[in-house]
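I have a structure I would like to understand better, so I am pasting it below and will then ask my questions one at a time.
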Amino acid sequence: QKEVEQDPGPLSVPEGAIVSLNCTYSNSAFQYFMWYRQYSRKGPELLMYTYSSGNKEDGRFTAQVDKSSKYISLFIRDSQPSDSATYLCAMSPDSNYQLIWGAGTKLIIKP
Amino acid sequence: GAVVSQHPSWVICKSGTSVKIECRSLDFQATTMFWYRQFPKQSLMLMATSNEGSKATYEQGVEKDKFLINHASLTLSTLTVTSAHPEDSSFYICSAYTNEQFFGPGTRLTVL
């Protein structure tokens with residue numbers, strides 16, 4: 001079993017829809033949770049960074065962490081075609097120094 | 001924000017040759033840089049952790065004699081793929097760490 005599980009998709013939704021992306025993990029020591037966005041043939045860029053449980057909102061993006069269920073989510077409201085990319089979750093027990101990565105979910109927003 | 005560059009962005013080489021990839025932090029100093037490899041439709045796989053002035057720490061299964069890493073300064077790390085073969089064709093990404101990892105744009109290596 002992988003430490004971090006993420007459905008690779010692709011996930012295709014119409015423009016304007018609410019998107020839900022998820023990861024599950026097995027290591028209860030993880031405290032730091034990140035979501036990265038990666039456009040094709042580019043390096044990942046950090047979208048959201050959450051410590052421990054709870055919610056964090058930044059514009060159209062909301063990150064949720066449920067440590068009791070070992071489950072994290074990224075919600076995108078009012079999705080745009082420019083949101084089409086691969087979204088990778090990453091987590092770590094001790095800051096974001098060494099990260100354990102999910103497989104990445106390819107998201108397609110249809111105009 | 002912190003910017004990390006990689007050079008070259010794309011390289012094609014013949015089997016058996018060596019290729020050097022540079023990773024630079026442009027506006028900050030990074031004591032640690034990470035090297036990843038990413039195959040199509042797969043996630044990032046950490047290859048090695050590089051600390052300035054010391055030997056790199058390689059992940060299990062990564063051949064240190066094949067993937068030579070040099071981190072001679074706080075703004076530059078290099079990855080040399082020695083005696084490259086077609087199976088080494090991949091997307092190589094570096095990141096530089098200063099409170100968080102900042103990623104370079106990646107280098108696409110194609111070995112013929």
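A note on names: the letters A, B, ... follow the listed sequences, proteins ahead of strands, and every chain is numbered from 1. Bear in mind that the values here come from a model prediction, so they are computed numbers and not experimental data.
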Original post:
Among B:Phe103, B:Phe102, B:Trp10, which has the most heavy-atom pairs under 4.5 Å with chain A?
Top reply: B:Phe103
Original post:
Can you tell me how far CD1 of B:Ile12 sits from OG1 of B:Thr17, rounded to the nearest 0.5 angstrom?
Top reply: 11.5 Å
Subject >> Region of B:Ser95 that comes under 4.5 Å of a non-hydrogen atom in chain A >> reply: neither
Original post:
Measuring heavy-atom distances to chain A, does B:Ser9 have an atom under 4.5 Å in its side chain, in its backbone, in both, or in neither?
Top reply: neither
Subject >> Of A:Trp35, A:Tyr71, A:Trp101, A:Tyr87, the residue whose pairing with A:Cys23 passes side-chain contact (heavy atoms from CB on, under 4.5 Å) >> reply: A:Trp35
**OP:** Start with the C-alpha gap between B:Ser50 and B:His71, add the side-chain angles, then the distance that decides, and say whether side chain to side chain donor-acceptor pair (under 3.5 Å) holds.
**Re:** CA-CA 6 Å; B:Ser50 169; B:His71 193 164; 2.8 Å; yes
Original post:
Of the backbone (N, CA, C, O) and the side chain (C-beta and beyond), which part of B:Gln38 lies under 4.5 Å from a heavy atom of chain A, both, or neither?
Top reply: side chain
Original post:
Is the closest basic N to carboxylate O distance between B:Arg37 and B:Glu59 below 4.0 Å?
Top reply: no
Original post:
So what's closer than 4.5 Å to chain B heavy atoms on A:Gln38: side chain, backbone, both or neither?
Top reply: side chain
Original post:
Among A:Ala90, A:Gly43, A:Pro8, which has the most heavy-atom pairs under 4.5 Å with chain B?
Top reply: A:Gly43
Original post:
Under 6.0 Å between the ring centres of B:Tyr36 and B:Phe91?
Top reply: no
Subject >> Which portion of A:Pro44 sits near chain B, non-hydrogen atoms under 4.5 angstrom >> reply: both
Subject >> Trace of the side chain to side chain donor-acceptor pair (under 3.5 Å) decision for A:Asp7 with A:Thr105 >> reply: CA-CA 6 Å; A:Asp7 186 337; A:Thr105 299; 5.7 Å; no
Original post:
Tell me, side chain or backbone of B:Ile93 under 4.5 Å from chain A's heavy atoms, or both, or neither?
Top reply: side chain
